[in-house]
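What follows is a short report on a single structure.
To find a chain, count down the sequence lines: A is the first, B the second, and so on, and within it residues start at 1.
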Amino acid sequence: MVAPEQPFRTLTGMHDLFDPDTARRRALVDLFATRAEQAGYREVRPPLLEELGVFQRLGEATDVVSKEMYEFEDKDGRRVALRPELTAGVVRAFVQHHPPTPWKVWYAGTSFRRERPAKGRYRSFDQVGVEVLGVDDPDLDVEVLALAWSTVRELGLRDVRLVVNSLGDGDDRRNYTDAVAAFLHSRRSDLSEAAVATSERNPLRVLDTKRPEDRAVIADAPSIAEFLSPDSVAHLDRVREGLRALGVPFTEDDRLVRGLDYYRRTTFELVADSLDAAQNAVGGGGRYDGLAEDLGGPPTDGIGFALGVDRLFLACDAEGVFPAPEPVLDAFVVDTTGGGAARDLVHELREARLAADRRYGGGSLRSQMKSADRSGARWALLVGTDELAAGVVTVRDLRTGAEQETIARAELVGALLQRLAPTAGTGRDGSDGRDDEREGTRT
RNA sequence: GUGGCCGUAGCUCAGUUCGGUGAGAGCGCCAGGUUGUGGCCCUGGAGGUCGGGGGUUCAAAUCCCCUCGGUCACCCCA
């Protein structure tokens, strides 16, 4: 092995995450998981790697499929791809295992798209989301939208809007797409070159262009409302009614089409007005009633959404909400007698479920106290030659700077636990082991 | 994929215009001032392939070319 010419580093568009960010991310997933499980959803974790075909159902004409996937040939000669989103894999899992319906699942995980990175958009990104398969009832749409809305609200975000639309059922969508294509064709001389190109392979995508000159043309385009079947209209009406009943505010936008081909009927986005238009969609989702069938399963209704973690946090930063949780450390042991006392005491504290740390390599009392200060610990527990000889520990409260006290070594842990009792159970979290994948963004 | 801007210490950056005095500051880190006490203050110290490669030159962090990377915008996506 020859050393690299330059040190290794992360791939373009991929980032290492460290403490404040990782803690914040975990807090978000905990919050989301709690809400989802309270609503009857259970966690699902499809693999990061799937057969390429699973994702091609997102739409051959979409950039996600045509050029942004990390796809390659496995050593078996099989075409595989890193997932560019989670819905397709979840639906594939449904088709493969045919669990009883309704199947309500939530997830938190990483996906990959080989795009040029930009603010709030990276090649490796995290999303949290839910999917429900096997339910046609529009009241479920209401539940799902409400869950997305509540999550965003619980984060503390206020400058976020819920935007809703319906693309109609498969026939409605096809008819509408044809009408839009015809319209764009008739006005192609007024459209930008890029818009004309897009209109030829994916007409609906042109509807949410951000280019001003195209927007003017789009304003005259037919509305989906004119193409909805009576059933689709009834479905949408019931969704509206439900959202109003729940007090979930929303606006409607008949130009909201979303990027992937599988969407049917209800579609929605969460738009953060605190962010620039280029990255203001912090989440979105909708129905995908035909997807299970496309993946080889029985016709099954489906709906879901995903929230983009990176963008959600951009919005949180913009509004100054949902900061990373502070780490808690109860005690920092300072030992000037050689380290044995610190070694034993720290272990004993941890076994008693107290958060404890120490410094290695010795050092003067002063320097160890500095470490204790920086650690953010509530108490410094001092063991010097005097304490060691007397079988006691000096306890100093680093937050108040009040008088320090001497406690018998044998009674120390019990005394500290007692002191924490009034606030026990808050903020402390012994468990956990969210593992390999991180959590994350986007639909 | 296209374009703009940017890569100097762990971090934030000055120095680059008009090449030339020993590569700097703040923060952070380590140690000491205070030989048993953190935060404030003072002093000292460690730490740098000036992204990488090539070129021009007596001389390059500074000029030129290539390259890698970051960032932002567009495309696209969400």
By the Watson-Crick or G-U definition, both distances under 3.5 Å, B:A14 is matched with none

Practice problem: Please determine, by modelled atom types, if A:S111 and A:E85 share a side-chain donor-acceptor pair under 3.5 angstrom. | Solution: no

For this session: State whether a side-chain donor-acceptor pair under 3.5 Å links A:S166 with A:R287.
Result: no

With a 4.0 Å limit, can you tell me whether A:T12 has a side-chain N or O closer than that to the phosphate oxygens OP1/OP2 of B:G69? yes

note: A:Y122, atom OH; B:C77, atom P; distance rounded to Å ~ 19 Å

Among the nucleotides B:G38, B:U71, B:G36, whichever has the atom closest to the side chain of A:H15 is B:U71

Between CE of A:M69 and C1' of B:C76 the distance, given in whole Å, is 15 Å

Using the C1' atom as the reference point in each nucleotide, state the distance between B:U49 and B:G54 in Å, no decimals.
16 Å

Among B:A78, B:C30, B:A73, the one nearest any side-chain atom of A:R359 is B:C30

Distance under 6.0 Å and angle within 45° of ring axis: A:R264 vs A:Y262
no

The Watson-Crick or G-U wobble partner of B:C58, with both key distances under 3.5 Å, is B:G20

A:F125 atom CZ is separated from B:A78 atom P, nearest whole Å, by 9 Å

Contacts of A:A181 meeting side-chain contact (heavy atoms from CB on, under 4.5 Å) (sequence neighbours excluded), chain-then-number -> A:P203

Quiz item: When you compare B:G51 with B:U34, how far apart are their P atoms, in angstrom units rounded to a whole number?
Solution: 43 Å

- prompt: Is the closest side-chain donor-acceptor distance between A:H235 and A:D141 under 3.5 Å?
  reply: yes

The residue, A:G13 or A:E387, whose nearest nucleotide of RNA chain B is more 5′ is A:E387

If pairing means Watson-Crick or G-U wobble with both distances under 3.5 Å, then the partner of B:U2 is B:A73

Checklist entry - Which part of the nucleic acid, if any, lies within contact of A:S371, taking any heavy atom under 4.0 Å across all strands shown: a base, the sugar-phosphate backbone alone, or nothing? => result nothing

Exercise. Hey, is the main chain of A:V105 close enough, under 3.5 Å, to the side chain of A:E43 for a donor-acceptor pair?
Worked result: no

Separation of B:G70 atom C1' from A:R123 atom CZ, nearest Å, is 13 Å

Which whole number of Å gives the distance between the C1' atom of B:G7 and that of B:U43?
34 Å

Worksheet item: Within less than 4.0 Å of OP1 or OP2 of B:G36, is there a side-chain N or O belonging to A:T394?
Response: no

Verify, without hydrogens or angle tests, whether A:R265 (side chain) and A:D289 (backbone) share a donor-acceptor contact under 3.5 angstrom. no

query = What interatomic distance, in whole Å, is found between P of B:G55 and the corresponding atom of B:C18?
reply = 24 Å

**Asked** Is there a donor and acceptor pair, one atom on the side chain of A:R396 and one on the base of B:G38, closer than 3.5 Å?
**Response** yes

Here the distance between atom P of B:C77 and atom CG of A:L256, to the nearest Å, is 13 Å

Here the distance between atom P of B:G70 and atom CE of A:M14, to the nearest Å, is 11 Å

Has A:D357 got a side-chain atom pairing as donor or acceptor with A:F332's backbone, closer than 3.5 angstrom? no

Among B:A78, B:G36, B:U37, the one nearest any side-chain atom of A:T385 is B:G36

Worksheet entry | Stacked cation flag A:R24 on A:F313, 6.0 angstrom / 45 deg | yes

List every contact pair, protein side and nucleotides 9-13 of chain B side both N or O, where the distance is under 3.5 Å.
none

Applying the 3.5 Å cut-off to both distances, the Watson-Crick or G-U partner of B:G44 turns out to be B:C30

RNA chain B nearest-nucleotide lookup for A:V383 and A:S367: closer to the 5′ end is A:S367

To the nearest angstrom, the CG-P distance between A:L398 and B:U37 comes to 15 Å

Practice task
Rounded to whole angstrom, note down the C1' distance from B:G19 over to B:C63.
Solution key: 7 Å

query: Expressed as a whole number of Å, how far does the P atom of B:A59 sit from that of B:U21?
result: 14 Å

message = Suppose we call a contact any N or O donor and acceptor under 3.5 Å apart; does that hold for the side chain of A:R121 and the base of B:A78?
response = no

Should the pair A:H15 and A:Y122 be assigned to parallel (<30°), tilted (30 to 60°) or perpendicular (>60°) ring geometry?
-> perpendicular

Quick one: label A:A372 by what it contacts on the DNA or RNA (base, sugar-phosphate, nothing), any heavy atom closer than 4.0 Å.
nothing

* **Sugar-phosphate, base or nothing in reach of A:R116, heavy atoms under 4.0 Å** => base

Across every strand shown, the nucleotide meeting Watson-Crick or G-U wobble geometry with B:G39 (both distances under 3.5 Å) is none

Distances for protein N or O near nucleotides 40-43 of chain B N or O, under 3.5 Å:
none

(Q) I'd like to know if A:Q368 reaches the base of B:U37 with its side chain, counting only an N/O donor and acceptor under 3.5 Å. (A) no

Checklist entry - B:C40 and B:A31: how far apart are their P atoms, nearest whole angstrom? => result 16 Å

Rounded to whole Å, CG of A:L382 lies from P of B:G38 at a distance of 10 Å

**Study point:** Test item: side-chain donor near acceptor, A:E131 and A:Y288, under 3.5 Å
**Key:** yes

Between B:G38 and B:G22, how many Å separate the two P atoms, rounded to a whole number? 42 Å

Worksheet item: Do any N or O atoms from the side chain of A:Y176 and from the backbone of A:P222 form a donor-acceptor pair under 3.5 angstrom?
Response: yes

